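Worksheet: the structure to be examined is printed underneath.
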Number of protein chains: 2
Amino acid sequence: MPDNSPERLVPVPELADRLGYLFKHAHSRLSDLTSAALAPLGVSGRQLAVLLVIAEEPSGSQLGIATRMGLDRTTMVTLIDDLERKGVVERFPDPSDRRRNVVVLTSQGRKTTRQGAALSEQAEKSFLEPLSEGDTAVLRRALRLLAFPSSFRTRSAT
Amino acid sequence: MPDNSPERLVPVPELADRLGYLFKHAHSRLSDLTSAALAPLGVSGRQLAVLLVIAEEPSGSQLGIATRMGLDRTTMVTLIDDLERKGVVERFPDPSDRRRNVVVLTSQGRKTTRQGAALSEQAEKSFLEPLSEGDTAVLRRALRLLAFPSSFRTRSAT
DNA sequence: TATTGTTATACTCTATAACTATA
DNA sequence: TATAGTTATAGAGTATAACAATA
């Protein structure tokens with residue numbers, strides 16, 4: 001998307017009620033804020049997401065990480081390539097099943113993950129600045145229900 | 001994104017609180033529903049959006065349409081190419097400024113636009129099915145504020 | 001000179017198919 | 001045979017640079 005700054009202000013009336021359009025532009029604004037916030041660390045939002053999954057799954061395989069993120073295993077290859085080149089992860093064959101690659105954070109990787117999580121939280125905060133706390137809570141819950149409808153009870157919101 | 005069906009159900013705990021992740025997956029689910037709904041018409045959601053803008057701006061130029069959609073003018077070229085090939089739009093040089101291409105809907109294009117709008121509304125409806133009406137209203141307003149923050153008064157929501 | 005459409009090119013994100021090593 | 005990782009390739013969606021026609 002072209003930046004259209006300083007006029008990112010232009011909700012086209014005939015599209016402003018279409019959810020797809022709103023999702024795209026809202027997501028794009030969040031991405032811009034997040035990229036900017038993470039830039040000093042040299043990782044993208046997508047790469048940070050990978051780091052967060054690895055941090056939570058300390059000896060996961062590439063396939064395991066990909067599956068948890070909803071990505072293809074071929075996509076994960078270059079993602080890990082890049083992170084390895086940056087020095088934030090290491091990979092080596094699992095001794096107990098040499099088909100698998102175990103992926104672990106380096107100590108620098110742990111630091112990057114910690115700092116990245118904090119920076120991206122700040123970016124989220126400024127992204128959400130136009131909303132009240134109540135609306136933010138509703139938004140989060142709504143997004144969870146819409147993204148993963150079958151994983152929740154249908155206790156509809158108030 | 002791989003479909004991961006029937007388990008699109010998998011909100012990874014370490015990512016489920018990240019807005020970027022939720023936006024991506026919610027948007028992806030909406031896109032899937034919309035594509036499926038529009039498939040009989042032979043147009044994508046993106047192409048329908050172009051048709052809607054043209055319908056609203058009956059003698060717009062390619063650049064005008066692109067700008068209104070937040071796209072680049074080079075992106076619009078192939079978008080219009082495809083729509084012209086499908087027979088839903090026509091383009092010709094503006095007699096009063098022959099640098100511009102005027103883009104208009106054909107009669108088939110008007111029909112496709114009308115039907116597409118209805119079908120994609122149905123898709124939105126089933127997408128939103130997990131939410132109450134109240135939450136849906138909050139979501140729509142929140143997305144508008146988040147996507148185009150500077151175009152609204154900062155009357156924060158209740 | 002500036003603007004519109006176009007072409008060529010490239011980058012990101014993603015997938016499918018096919019290969020290799022291992023099980 | 002089946003699985004994990006890899007490579008090659010392709011297809012959306014998008015942008016930048018450069019060019020032609022027109023203003």
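Numbered from 1 within each chain, the chains take letters A, B, ... in sequence-line order. Values in this document were obtained by computation on a predicted structure and should not be read as measured data.
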Output the rounded distance in Å from CG (A/Leu71) to P (C/dT16).
12 Å
Using heavy atoms to find the nearest nucleotide of DNA chain C for A/Leu79 and B/Ser61 separately, return the residue whose nucleotide is more 5′.
B/Ser61
Any base atoms under 4.0 Å from B/Thr74, or only sugar-phosphate, or nothing? Heavy atoms, all strands.
base
Please give, in whole Å, the distance from C/dT14 P to A/Met76 CE?
9 Å
Can you measure B/Asp94 atom CG to C/dT3 atom C1' for me and round it to whole angstrom units?
13 Å
Between C1' on C/dT14 and NE2 on B/His25, what's the gap in Å once rounded to a whole number?
13 Å
Candidates D/dA4, C/dC13, D/dT16 - which lies nearest the side chain of A/Arg46
C/dC13
Side-chain N or O of A/Arg99 closer than 4.0 Å to phosphate OP1/OP2 of D/dT1:
no
What is the distance, rounded to the nearest whole Å, between atom CG of A/Asp72 and atom P of D/dA8?
17 Å
A/Gln62 CD to D/dT3 P, in whole Å, measures 17 Å
Are B/Leu41 and B/Val88 in one and the same hydrophobic cluster, where Ile, Leu, Val, Met, Phe, Trp and Tyr link if side-chain heavy atoms are under 4.5 Å apart?
yes
B/His27 NE2 to C/dT14 P, in whole Å, measures 13 Å
Presence of donor-acceptor pair under 3.5 Å, side chain of A/Arg73 and base of D/dG5:
yes
What is the distance from atom CD of B/Gln108 to atom OG1 of B/Thr113, rounded to the nearest 0.5 Å?
10.0 Å
Would you say B/Gln62's side chain and B/Ile80's backbone share a donor-acceptor pair under 3.5 angstrom?
no
Output the single nucleotide from D/dA2, C/dG5, D/dT6 whose closest atom is nearest the side chain of A/Asn101.
D/dT6
Kindly point out which of D/dT7, D/dA4, C/dA23 is positioned nearest to the side chain of A/Arg100?
D/dA4
Residue B/Lys24, side-chain heavy atoms: nucleotide from D/dT7, C/dG5, C/dT14 that is nearest:
C/dT14
Hydrophobic cluster identity match, A/Leu105 and A/Leu83, side-chain contacts under 4.5 Å
yes
For a quick check of understanding: with a heavy-atom distance under 4.0 Å over all strands, which category does A/Arg98 fall into, base, sugar-phosphate or nothing?
sugar-phosphate
Whole-Å gap separating C1' (D/dT7) and CG (A/Asp81)
11 Å
Polar side-chain atom of B/Lys86 near backbone of B/Gly42 as donor-acceptor pair, under 3.5 Å:
yes
